Amino acid sequence: MTTTAVPVPTGTASGIMLIIHAGAGDQGKRRTPRENAKVDHDLRQALEAGYALLEAGAPAQDAVCAALRVLEDAEEFNAGRGAALTSQGKVSMDACLMTGKDKEAGSAIGVEQARHPIDVARAIKERTKHAVFAKPSSDLLRDWGIETCDPEYFITDLRRQQLIEAQSGGDLWSRHGTTGAVARDRAGNLAAGTSTGGITNQMPGRVGDSPLVGCGTYAGNDSASISCTGIGEAFIKETAAYQIAARIRFAGQSPEQAAQAVLDGVTSHGGDGGVIVLPSHGPGLIAYNSPGMNYGYMSESGSEVNHSGE
Ligand code: ASP
């Protein structure tokens with residue numbers, strides 16, 4: 001499979017930068033111009049929300065969370081409202097946040113009520129001594145000050161329709177716009193976050209790569225911050241995010257070489273998808289071997305959004 005690599009220019013070598021994605025696939029080619037305009041608008045809003053914080057000197061993880069909160073509210077993306085539905089017609093959302101300086105991480109799996117699952121991941125990282133929670137209880141969410149919503153809030157007509165289509169056509173791998181962000185702040189620190197509803201028609205209890213540290217999400221100041229999207233099973237078997245970081249750190253590979261090798265590995269497991277990679281110095285990277293990818297970036301050198309993915 002051919003890999004498309006989009007370098008993200010940096011201003012100074014360690015200048016602030018925010019890169020986001022909202023899923024891999026080819027949905028952009030099937031959407032109406034109006035729908036694509038909404039995708040572009042929401043990608044831009046997410047970039048602006050996160051980048052304003054970086055400009056003001058906030059830590060990278062604040063920018064990652066701010067961008068993801070916007071994408072979680074945008075119902076065309078598969079996170080928060082508009083999350084994909086399981087085979088039982090419910091949402092089961094996953095999110096992960098990791099910071100590169102201390103390599104601390106929080107991962108939330110099977111979230112059903114939090115408006116912003118990335119906030120749950122952050123609370124786990126900052127308010128507990130644990131790294132991963134499955135189905136955090138409503139009492140815990142309340143203690144952590146997390147905003148909750150009725151389960152119906154998350155379910156859209158489009159996702160209902162896609163579930164019907166997946167169940168009648170047997171499309172096991174239907175993917176719809178998982179969201180992710182990586183950022184570099186003024187202090188040169190990195191952070192990465194990913195938030196998803198998983199895969200339409202997934203079996204109840206199935207977990208993809210997004211919330212798994214080192215698979216769908218990773219950040220280390222000694223290498224890079226990474227968020228992945230695509231067929232989660234293949235990214236898990238490749239330990240994709242950490243493998244990219246390790247190739248950069250230990251093998252001295254460029255982000256592009258590392259991403260290419262890992263996406264080839266993903267292909268060998270029958271998957272495809274994309275990654276966003278932001279090293280501690282130098283340009284960032286968007287790379288995908290799926291038919292398209294929704295992404296955007298903002299740095300001291302400029303900004304761009306692209307809506308070709310699901
Ligand atoms: N990687 C996600 C998962 O497997 C899906 C996606 O990226 O769209 O749950």
Side-chain angles (χ1 to χ4, degrees), residues 19-28 39 43 68 71-72 74-80 82-87 90-96 107-112 117-118 121 132 134 154 156 158-159 162-163 166 171-182 192-218 226-244 259 262-263 265-267 269-277 286-295 307-310:
I19 311 175
I20 59 173
H21 71 73
D26 65 353
Q27 187 65 27
V39 168
L43 289 172
L68 286 174
L71 299 175
E72 287 172 338
E75 67 177 47
E76 69 273 27
F77 301 135
N78 175 14
L85 301 179
T86 68
S87 58
K90 295 184 176 160
V91 295
S92 178
M93 301 175 286
D94 304 325
C96 182
S107 168
I109 291 175
V111 175
E112 292 171 348
I118 194 65
V132 185
F154 299 98
T156 62
L158 179 67
R159 296 300 181 215
Q162 286 170 338
L163 179 60
D171 177 6
L172 182 62
W173 297 121
S174 195
R175 285 161 292 143
H176 308 284
T178 283
T179 63
V182 291
T194 311
S195 181
T196 187
I199 289 178
T200 296
N201 200 30
Q202 68 185 9
M203 291 170 71
R206 180 261 182 195
V207 178
D209 60 314
S210 311
L212 305 182
V213 171
C215 296
T217 311
Y218 186 79
I226 297 122
S227 172
C228 306
T229 178
I231 306 291
E233 283 69 7
F235 282 81
I236 291 169
K237 290 165 196 164
E238 277 297 303
T239 45
Y242 182 68
Q243 192 188 146
I244 290 175
V262 168
L263 288 172
V266 165
T267 305
H269 291 290
D272 69 357
V275 297
I276 51 176
V277 185
I286 297 146
Y288 55 95
N289 63 3
S290 44
M293 183 158 163
N294 295 318
Y295 63 79
H307 59 237
S308 65
E310 291 194 52

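Atoms within each ligand, like the ligands themselves, are counted from 1 in listed order. Worth saying up front: this structure is predicted, and the values here are computed from it rather than measured. Numbers here are sequence positions counted from 1. Just so you know, these numbers use all the heavy atoms, side chains as well, and skip hydrogens, waters and symmetry mates.
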Discussion item. Suppose I only count heavy atoms of T229 and a 4.0 Å limit; which atoms of ligand 1 are within that range?
Written reply: 6 (C), 7 (O), 8 (O)
Discussion item. Over 60° means perpendicular and under 30° means parallel, so tell me whether Y288 and Y295 are parallel, tilted or perpendicular.
Written reply: tilted
Discussion item. Heavy-atom contact check, 4.0 Å cutoff: does G230 meet ligand 1?
Written reply: yes
Worksheet item: Nearest heavy-atom pair of I118 and G193: which atoms, and what distance?
Response: CD1-CA, 4.4 Å
Item to complete: May I ask you to list the atoms of ligand 1 that are less than 4.0 angstrom from any heavy atom of R206?
Response: 3 (C), 4 (O), 9 (O)
Discussion item. Would you say that Y218 contacts T239 through its side chain, given a criterion of any heavy-atom pair below 4.5 Å between the two side chains?
Written reply: no
Item to complete: Heavy atoms only: give me the nearest G198-A84 pair and the separation to one decimal.
Response: O-CB, 4.0 Å
Item to complete: Check whether any heavy atom of S210 sits under 4.0 Å from an atom of ligand 1.
Response: yes
Item to complete: Return yes if some donor-acceptor pair links the side-chain N/O of D94 with the main-chain N/O of T196 below 3.5 Å, else return no.
Response: no
Discussion item. Contact between ligand 1 and E233 is defined here as a heavy atom of the residue under 4.0 Å from a ligand atom; is it met?
Written reply: no
Discussion item. Within ligand 1, which atoms have a heavy atom of G208 less than 4.0 Å away?
Written reply: 4 (O), 9 (O)
Item to complete: Report yes if T178 has an N/O atom closer than 3.5 Å to an N/O atom of ligand 1; otherwise report no.
Response: yes
Worksheet entry | ligand 1 N/O within reach of G232 N/O, cut-off under 3.5 Å | yes
